Amino acid sequence: MQIHFAALGATPLAGSALAVLGLEKGALTPAATALDETLGGQLGRAIASARYTGAKGQTLELVTGAADGAARILLIGTGAESEITAALAEAAAATAWKALASTGLETLVVRLGDVSADVAAQAALGVRLAAYRFDRYRTKEKPEAKPSVTKVVIETSAPDAAAAADATLATLADSITFARDLVSEPANILHPVEFATRVKALEAHGLTVEILGEAEMQKLGMGALLGVGQGSRRESQLAVIQWMGAKDPKAQPVAFVGKGVTFDTGGISIKPADGMEEMKTDMGGAAAVAGVMRALAARKAKVNAVGILGLVENMPDGNAQRPGDIVTSMSGQTIEVINTDAEGRLVLADALWYCQERFHPKFIVDLATLTGAIIIALGNDYAGLFSNDDDLSANLLKASEATGEGLWRLPLPASYEKQIDSLAADMKNVGGRPGGSITAALFLQRFIKDTPWAHLDIASTAWRKSGAQATHPEGASGFGVRLLNQLVADGFED
Ligand code: BES
Ligand code: MN
Ligand code: ZN
């Protein structure tokens, strides 16, 4: 699919699908009025015979029958906003793609009015995100089941500036796609070594990538991470990604740490069969970190940033760790593994410690598909945010507001610490059902020194069963890439 920008009204419409803002406060928008005239009042008549009021989220689709005009028209409601914002344009363009991409028509024209370059570029981002599909392994899909639209034209008052802005945003879309693809890949293909190989290939974008294997992690004392992977035939890996974009190469970096469990069977505390296939997505945190590092490099962000991925496979096996095993983490703290299915926190314990020891970062944000409990608490539109730092929290919530990737802060109460006390070791890896996401976060906090830190539990948002927003089709969301890119852009560049 190709995206072009053109001046308002300059695109020949014959045979194409046209998305246009429709009614606003009961009256046709200027662009819709002009269109209605060429159609002899057809738009007005269609609106009169529908419940369409132009409210946000509403659409009305018409088949025009016009020989020399658009073959199909989609009116998109934008609510009371008379000035279209970039976010609204993004959502409208994504909605247009979703509604019109598989109509059989090949060209989609998005006419949102005389919008600025930035608004048009963000509409293009909406189309790019909505158009995502993972079809690598579908060898027999009929052409009529695939999207027909190959060309999207977005109209704007400044086509050249829009194309320039789009060039940067397209690298963000590509990085989100990179993360989505990793999450979508099945675990027989994407095991820890393959994940590390794909991350290594990011060096082409100017990143530095080191891969540590089990022997090196053994030397570092990463008993918590290694214990999770010891039942797998695949070697555990730690990927260390660096982007040195700040003026001062010695400037303290920001750091992102991701849970990369390429498959989570639960281990000896094995999960039920029903839905277990979804545990191929248990590396969504690591995918997001790889994605944001790619995004920062692609736009040459003026920041030093580190991304650390703990890559393991959690399998039951003769060599797997057992419930009751006690492991020693890199920090020296010992952990009684009550439940081998609470493995993500074991992986992160060592990845977080390593990150602080080696890089002394300005802050750390970790992302992890950590607990089923966060889905129960927040549903699928919010990830859980836990933090020891109000400024970092506020910055994350601001980025969340700007990008539409939902975050909701939850507490880290000291009074819940006792839930993870162990009789035999410094702590145990589960704290019972009450506040399950909170005790998981409290566990992680025990591996944070005095670094400002935030933990995002993205088990709720990494994978979508149904596409709630048009920009997030069913399946992998790539949640976190855009959020963290925004966090850096808003406050951490030279
Ligand atoms: N990977 C899971 C969490 C998860 C659940 C991610 C659903 C995505 C969708 C995690 O490793 C896990 O198994 N957590 C357990 C923790 C429990 C044993 C304390 C859980 O949530 O049940
Ligand atoms: Mn698990
Ligand atoms: Zn897991």
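What's counted below: heavy atoms across the whole structure, side chains too, no hydrogens, waters or symmetry copies. Counting convention: from 1, in listed order, for ligands and their atoms alike. It should be emphasised that the depicted structure is a prediction, and the values quoted were computed from it without experimental measurement.
Considering only non-hydrogen protein atoms, atom 10 (C) of ligand 1 sits nearest to Leu370 O, 3.3 Å. Taking atom 16 (C) of ligand 1 as the reference point, the nearest protein heavy-atom neighbour is Arg345 NH2, 3.9 Å. The single protein non-hydrogen atom nearest to atom 20 (C) of ligand 1 is Gly372 N, 3.9 Å, given as residue, atom name and distance. Nearest protein heavy-atom neighbour of atom 18 (C) of ligand 1: Asn339 ND2, 3.5 Å. Atom 19 (C) of ligand 1 has Val430 CG1, 3.5 Å as its closest protein atom, hydrogens excluded (heavy atom only). Among all non-hydrogen protein atoms, the one lying nearest atom 9 (C) of ligand 1 is Met279 CE, 3.5 Å.
Checked by atom type, the side-chain pair Tyr382/Glu405 shows no donor-acceptor distance below 3.5 Å. Side-chain contact check for Asp389 and Trp453: no donor-acceptor pair (N or O, by modelled atom type) lies under 3.5 Å.
The shortest N/O to N/O separation between Ala459 and ligand 1 does not fall below 3.5 Å.
Rounded to 10°, the angle formed at the Zn ion (ligand 3) by Asp264 OD2 and Glu343 OE2 is 90°.
When heavy-atom distances to ligand 1 are checked against a 4.0 Å cut-off, Asp341 comes that close through both its backbone and its side chain.
Between Lys259 and ligand 1 there is a heavy-atom distance shorter than 4.0 Å.
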